[in-house]
Amino acid sequence: MPLLFINADRPQNREEDIRALVKTLHWGRTIGTGHFNHMVMPDQVNAMIGDMLRQHFDGLPGLQDSSLS
């Protein structure tokens, strides 16, 4: 199962540490945010979620491109 890990502008986690645990990792980083990146920059976070879903689940019944925007 793919995993999207969205880190803040100054990450506290190292990408290589997470990749060692999860082979299906999608790594994202928001710009200009801290701990609450999903609240401060929801457009950045939503775009990363939409991109990952399109990569893995595009074409599944019930999942249309318009629902990911």
Side-chain angles (χ1 to χ4, degrees):
M1 182 56 68
L3 171 71
L4 174 61
F5 188 96
I6 301 175
N7 227 330
D9 198 19
R10 293 186 313 187
Q12 300 204 5
N13 306 93
R14 294 177 349 131
E15 182 177 357
E16 52 273 8
D17 293 340
I18 305 297
R19 283 197 186 279
L21 298 171
V22 181
K23 303 303 178 202
T24 58
L25 179 69
H26 291 263
W27 184 265
R29 178 183 282 175
T30 51
I31 304 301
T33 64
H35 183 72
F36 292 102
N37 52 5
H38 61 288
M39 294 175 73
V40 176
M41 295 290 187
D43 291 340
Q44 288 183 37
V45 172
N46 289 339
M48 287 184 245
I49 293 169
D51 288 344
M52 198 250 343
L53 290 174
R54 272 188 286 282
Q55 282 182 2
H56 288 279
F57 303 108
D58 196 29
L60 285 178
L63 185 64
Q64 298 170 344
D65 204 33
S66 63
S67 66
L68 299 177
S69 327

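These values consider heavy atoms only, across backbone and side chains, with no hydrogens, waters or symmetry-generated copies.
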Test question: given the 4.5 Å side-chain rule for I, L, V, M, F, W and Y, name all other residues clustered with W27, or answer none. L3, F5, I18, L21, V22, L25

Residues at least two apart in sequence or cross-chain that pass side-chain hydrogen bond (donor to acceptor under 3.5 Å, both in side chains) with D17, listed by chain then number, are R14

List for me each residue that meets side-chain hydrogen bond (donor to acceptor under 3.5 Å, both in side chains) alongside T30, sequence neighbours excluded, and say none if there are none. T33, N37

Working to the nearest 0.5 Å, report the span between NE2 of H26 and NE2 of H56. 2.5 Å

Supply the atom-to-atom distance L53 CG to M48 CE, rounded to the nearest 0.5 angstrom. 13.0 Å

Are V40 and I6 connected in the hydrophobic side-chain network, where two residues link if heavy atoms are under 4.5 Å apart? no

Scanning both residues in full, the closest heavy-atom pair of A8 with G34 reads CB-O, 3.1 Å

Work out which heavy atom in M52 is nearest to a heavy atom in P2; give both atom names and the distance. SD-CB, 3.8 Å

I'd like to know if I49 and M41 are part of one continuous hydrophobic network [Ile/Leu/Val/Met/Phe/Trp/Tyr, side-chain heavy atoms within less than 4.5 Å]. no

Mind checking side-chain hydrogen bond (donor to acceptor under 3.5 Å, both in side chains) for R29 and listing every partner two or more places apart, or none if nothing turns up? none

Go through the structure and list residues passing side-chain contact (heavy atoms from CB on, under 4.5 Å) with P42, not counting sequence neighbours. N46

Identify, with sequence neighbours excluded, every residue that meets side-chain hydrogen bond (donor to acceptor under 3.5 Å, both in side chains) alongside H38. none

